[in-house]
Asker: 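Here it is, the structure, as structure tokens.
Only a predicted model underlies this, so the values are computations on that prediction, with no experimental measurement involved.
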Amino acid sequence: MLEARELTLAWGDGREVVRDVSLRVATGETVCIVGRSGSGKTTLLHALAGLTHPRSGSVFLDEKDITGEPGHIGYMFQKDLLLTSKTVLDNVCLPLVLRGVSHEQAREKALPLLERFGLGEVASRWPSQLSGGMRQRAAFARTYLMGSSALLLDEPFSALDALTRTEMREWFLSVTGELGLTVVMVSHDPDEALLIADRVVVLVGNPAQGHPATLAGEIDVLSLKTASSCREGQTFELSSDFLEAKKELLELLGD
């Protein structure tokens, strides 16, 4: 379980970015944080990752206080950040190598994961030879090998074209379910959040204008998906529940 308790975050000049935000993510749950540009989503993610120390409040992973301590949770940035001078396999191996695992042992551990993620045949290729979706899967594999069952994802599909983004969402849902991962993801796309997450939380505010971000509310998407599939026999995206949830989400965002 990942938990943020009453986090308040500030910029170096003292201005508050996030004020008194609490968030609890159960083991195996995917929670998506949605908000307008500049609402503090990524700053909150940095605090969960230990990259930013809060002015007040704490972050816990499985009841252990990890506030301001990086390295406990895997963090996948918006760009894949694959090193062009290394093969796909060696890119994915990096977290293990940095922990002192030999290159040979790291490759032995990483290769089955690449095969599991549909990348076994491209393990020896260079990042420039991969499609956008393949690069994101490689970046996800590298993040997973950081060794935590909790992952933070910062708009991981935003740079992909619409068709690839749809394919990646489906792949992401199958992999996170299979591995039992605990995920906090940031998105600016209401549709994406509702399709991927078990729960969506909405962050509102504009720190640049002196309005620190706060949580405006949340939507229990998992319950809606279950109800829709049982009642209407169609995909969630085409259901009336999806449209109602999207309307509620946009209202929380202030649209």
Asker: Rounded to the nearest 0.5 Å, how far apart are CE of Met134 and CG of Leu82?
Answerer: 13.0 Å
Asker: What verdict does the side chain to side chain contact (heavy atoms under 4.5 Å, CB included) test give for Val184 and Leu151, after you've listed the backbone C-alpha separation in whole Å, the side-chain angles of each residue and the deciding distance to 0.1 Å?
Answerer: CA-CA 6 Å; Val184 178; Leu151 303 180; over 6 Å; no
Asker: Ignoring hydrogens and geometry, is there a side-chain-to-backbone donor-acceptor pair from Thr176 to Leu181 under 3.5 Å?
Answerer: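 Not at all, since once roles are kept as given, no pair shorter than 3.5 Å links the two residues.
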Asker: Counting C-beta onward and ignoring hydrogens, is there a side-chain heavy-atom pair between His188 and Arg36 closer than 4.5 Å?
Answerer: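 No, side chains not in contact.
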Asker: Can you check whether Val122 reaches Leu130 side chain to side chain, under 4.5 Å on heavy atoms?
Answerer: yes
Asker: Taking the side chain as every heavy atom from C-beta outward, state whether Leu2 and Leu23 have any pair of such atoms under 4.5 Å apart.
Answerer: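 Not in contact.
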Asker: With sequence neighbours left out, what residues match Thr67 under side chain to side chain contact (heavy atoms under 4.5 Å, CB included)?
Answerer: His53, Pro54, Ser58, Val59, Asp65
Asker: Ala138 and Leu119: which non-hydrogen atoms are nearest, and at how many Å?
Answerer: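 The pair with the smallest heavy-atom distance is N-CD1, 3.5 Å.
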Asker: List the steps, then state whether side chain to side chain contact (heavy atoms under 4.5 Å, CB included) holds for Leu44 with Val17.
Answerer: CA-CA 9 Å; Leu44 178 56; Val17 184; over 6 Å; no
Asker: Check the hydrophobic clustering (I, L, V, M, F, W, Y; side-chain heavy atoms under 4.5 Å; chains of links allowed) and say if Val202 and Leu9 are grouped together.
Answerer: no
Asker: Answer yes if Leu45 and Val21 sit in the same cluster of Ile, Leu, Val, Met, Phe, Trp and Tyr residues linked by side chain heavy atoms under 4.5 Å apart, and no otherwise.
Answerer: yes
Asker: Going from CZ on Phe157 to CE on Met168, what distance comes out if it is rounded to the nearest 0.5 angstrom?
Answerer: 5.0 Å
Asker: If you round to the nearest 0.5 Å, how far is CZ of Phe236 from CG of Leu224?
Answerer: 5.0 Å
Asker: How close do Ile33 and Lys41 get, heavy atom to heavy atom, and via which atoms?
Answerer: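 So the two residues come closest at O-CD, 4.0 Å.
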Asker: Set out, in order, the CA-CA distance, both residues' side-chain angles and the distance that settles side chain to side chain contact (heavy atoms under 4.5 Å, CB included) for Arg19 and Glu16, then state yes or no.
Answerer: CA-CA 7 Å; Arg19 177 181 293 168; Glu16 287 187 356; 2.6 Å; yes
Asker: Does anything in residues 210-222 form a side-chain hydrogen bond (donor to acceptor under 3.5 Å, both in side chains)? List the pairs, not counting sequence neighbours.
Answerer: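 Of all non-adjacent pairs touching residues 210-222, those that pass side-chain hydrogen bond (donor to acceptor under 3.5 Å, both in side chains) are Arg199-Glu218, Asp220-Ser223.
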Asker: Any link between Val18 and Leu252 through a network of hydrophobic side chains (Ile, Leu, Val, Met, Phe, Trp, Tyr) touching at under 4.5 Å?
Answerer: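 Different hydrophobic clusters.
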Asker: Would you call Glu244 and Lys247 a salt bridge, using N to O less than 4.0 angstrom?
Answerer: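 Answer for the salt bridge query: no.
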Asker: More than 12 foreign heavy atoms under 6.0 Å from CZ of Arg15: is that the case here?
Answerer: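 Count over threshold, so yes.
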Asker: Heavy atoms only: give me the nearest Val34-Ala193 pair and the separation to one decimal.
Answerer: CG2-CB, 3.4 Å
Asker: Honestly curious: do Val183 and Val31 fall in one hydrophobic cluster under the side-chain, below-4.5 Å linking rule?
Answerer: no
Asker: Would you give the length of the straight line joining atom CE of Met76 to atom CE of Met185, rounded to the nearest 0.5 angstrom?
Answerer: 10.0 Å
Asker: If we ignore angles and hydrogens, is there a donor and acceptor under 3.5 Å between the side chains of Glu192 and Ser187?
Answerer: yes
Asker: For residues Trp11 and Ala208, report the shortest heavy-atom separation together with the two atoms involved.
Answerer: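 What the structure gives for the nearest pair is CH2-N, 3.8 Å.
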Asker: Return yes if some donor-acceptor pair links the side-chain N/O of Asp62 with the main-chain N/O of Met1 below 3.5 Å, else return no.
Answerer: yes
Asker: Has Lys225 got a side-chain atom pairing as donor or acceptor with Leu195's backbone, closer than 3.5 angstrom?
Answerer: yes
Asker: Any sub-3.5 Å donor-acceptor pair from Ser148's side-chain atoms to His72's backbone N or O?
Answerer: yes
Asker: Do the side chains of Leu61 and Val25 join up, straight or via other hydrophobic residues, at under 4.5 Å, putting them in one cluster?
Answerer: yes
Asker: Distance-only, no hydrogens or angles: does the Asn91 side chain make a donor-acceptor pair with backbone N or O of Lys86 under 3.5 Å?
Answerer: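 Between the backbone of Lys86 and the side chain of Asn91 there is a qualifying donor-acceptor contact (under 3.5 Å).
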Asker: Is there a side-chain contact between Asp191 and Phe242 in this structure, where contact means two heavy atoms from C-beta onward sitting under 4.5 Å apart?
Answerer: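 Counting from C-beta outward, Asp191 and Phe242 do come under 4.5 Å.
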Asker: Quick one: closest heavy-atom pair of Thr87 and Ser124, and the distance?
Answerer: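 Closest heavy-atom pair between Thr87 and Ser124: CG2-O, 3.6 Å.
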Asker: Begin from the C-alpha positions of Asp20 and Thr8 and carry the test side chain to side chain donor-acceptor pair (under 3.5 Å) through to its verdict.
Answerer: CA-CA 5 Å; Asp20 195 26; Thr8 294; 5.4 Å; no
Asker: Under the ring-ring contact (aromatic ring centres under 6.0 Å, His included) rule, collect the residues that match up with His46, sequence neighbours excluded.
Answerer: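 Residues passing ring-ring contact (aromatic ring centres under 6.0 Å, His included) with His46: Tyr75.
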Asker: So, Thr164 side chain and Leu160 main chain: donor-acceptor pair closer than 3.5 Å or not?
Answerer: no
Asker: In Å and rounded to the nearest 0.5 Å, what is the CG to CG distance from Leu48 to Leu152?
Answerer: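 Here the interatomic distance stands at 5.5 Å.
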Asker: Of the non-hydrogen atoms in Leu173 and Ile196, which two are nearest, and what is the gap between them?
Answerer: CD2-O, 3.4 Å
Asker: Output the distance between atom CG (Leu96) and atom NE2 (His103), rounded to the nearest 0.5 Å.
Answerer: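 Rounded to the nearest 0.5 Å, the CG-NE2 separation comes to 10.5 Å.
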Asker: Please list all pairs meeting side-chain hydrogen bond (donor to acceptor under 3.5 Å, both in side chains) that have one or both residues in residues 130-144, counting only residues at least two apart or in different chains.
Answerer: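 For residues 130-144: Asp80-Arg135.
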Asker: Name each donor-acceptor pair under 3.5 Å that joins a side chain in residues 106-117 to protein atoms two or more places apart or in another chain, with its distance.
Answerer:
residue : atom : partner : partner atom : Å
Arg107  : NE   : Asp90   : OD1          : 2.8
Arg107  : NH2  : Asp90   : OD1          : 3.1
Arg107  : NH2  : Asp90   : OD2          : 3.1
Arg116  : NE   : Glu178  : OE2          : 2.9
Arg116  : NH2  : Glu178  : OE2          : 2.9

Asker: Could you check, using the six-membered ring where one of them is a Trp, whether Phe140 and Trp171 have ring centers closer than 6.0 angstrom?
Answerer: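 Phe140 vs Trp171: aromatic centres under 6.0 Å.
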Asker: Which residues, ordered by chain and number, are linked to Leu94 in its hydrophobic cluster, where ILVMFWY side chains connect at heavy-atom gaps below 4.5 Å, directly or through other members?
Answerer: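 Reading the cluster by chain and number, Leu94 sits alongside Leu83.
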Asker: I would like to know whether Leu145 and Val92 meet side chain to side chain contact (heavy atoms under 4.5 Å, CB included); could you show each step before the answer?
Answerer: CA-CA 8 Å; Leu145 280 180; Val92 173; 3.5 Å; yes
Asker: Within a 6.0 Å radius of atom CD on Glu167, are there more than 12 heavy atoms belonging to other residues, nucleotides or ligands?
Answerer: yes
Asker: Less than 4.0 Å between a side-chain N and a carboxylate O, is that true for Glu63 and Arg5?
Answerer: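 Here Arg5 pairs with Glu63 in a salt bridge, since their nearest N and O are under 4.0 Å apart.
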